[in-house]
Amino acid sequence: MRLFFALWPGDETVAALSAVAEEAARRWGGRPMRPETLHLTLAFLGEIEPGRLNQAEEAADGIDAKAFDFSLDRLGYWPHNHIFWAGCTRREVRLQGLAQELGDRLRERGFALERRSFSPHVTLVRKMAAAPQPLPDLPACRWHCGEFTLVRSLSAGSGVEYQKLASWKLG
Ligand code: ATP
Ligand code: MG
């Protein structure tokens, strides 16, 4: 099973981000993410034996973080994977803290996560050939984070499909 932990945006955030994704794909090409697939990855586990699912859940069970808000307020483009994304200008301490705590607890249980530093972003458009010049502004988009979710990634004929397996509420 291909698994990852992520935050799923609320309806208003989805509406704002998908409008930006549609418009960007129309202007600069690429495939906009479908609204229901928009997410922010906290930790990517990769291919995991189904028998280890409970260890991933155990890592999440012990998280002791409070709910928090943060803002997505910038757009960016990564040339290496042709992804157009929304992210944060400032370091969002609570968000970083949650990803760090979850990552630590997963590593303690033997999951091999990437060492490269956490770079919070929401992929908006895939397969965009080149960076928009100049990059447009993103009106600050507020996100209330009250829970996080364990997700299974399935490749479907029509693209990727995400299946939510379980969610954990933040205090
Ligand atoms: P596809 O790979 O089929 O185009 P996808 O990238 O959305 O679709 P996955 O590769 O299963 O699906 O990735 C699920 C999530 O985990 C995505 O948000 C992706 O950006 C992130 N992710 C994938 N690989 C890594 C990685 N090596 N390190 C960190 N995050 C990753
Ligand atoms: Mg991928």
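The residues of the chain are indexed from 1 along the displayed sequence. Remember, it's 1-based here, ligands and their atoms both numbered in the order they're listed.
The hydrophobic cluster containing Phe148 also contains Leu165, counting ILVMFWY residues as joined when their side-chain heavy atoms lie under 4.5 angstrom apart, directly or transitively.
In this structure, the protein non-hydrogen atom closest to atom 25 (C) of ligand 1 is Phe44 CD2, 3.3 Å. Given atom 7 (O) of ligand 1, the protein heavy atom at minimum distance is Tyr162 OH, 2.3 Å. Protein heavy atom closest to atom 27 (N) of ligand 1, with residue, atom name and distance, is Glu114 OE2, 3.2 Å. Given atom 20 (O) of ligand 1, the protein heavy atom at minimum distance is Thr41 OG1, 4.5 Å. What sits closest to atom 5 (P) of ligand 1 on the protein, heavy atoms only, is Arg126 NH2, 3.4 Å.
Within ligand 1, the atoms closer than 4.0 Å to a non-hydrogen atom of Ser153 are 9 (P), 11 (O), 12 (O), numbered from 1 in the order shown.
Contact annotation for Arg116 and ligand 1: only side-chain heavy atoms (C-beta onward) come within less than 4.0 Å of the ligand.
Remark: the backbone N or O of Ser119 is paired with a side-chain donor or acceptor of His121 at under 3.5 angstrom.
With rounding to the nearest 0.5 Å, the separation of CD in Glu47 from CZ in Arg2 is 6.0 Å.
There is no protein heavy atom less than 4.0 angstrom from atom 2 (O) of ligand 1. In this structure, atom 11 (O) of ligand 1 has a protein heavy-atom contact shorter than 4.0 Å.
The 12-atom threshold is exceeded at CZ of Arg107, counting heavy atoms of other residues, nucleotides or ligands nearer than 6.0 Å.
Remark: Arg52 is positioned above the aromatic ring of Phe111, its terminal NZ or CZ atom under 6.0 angstrom from the ring centre and at most 45 degrees off the axis.
Considering backbone and side-chain atoms alike, His121 places every N or O at 3.5 Å or more from each N or O of ligand 1.
Between Arg94 and Glu92 there is no salt bridge, since none of the side-chain N atoms of the basic residue sits less than 4.0 Å from a carboxylate O of the acidic one.
For the side-chain contact (heavy atoms from CB on, under 4.5 Å) test with Phe5, the passing option among Leu106, Thr41, Leu98, Ile63 is Leu106; the others fail.
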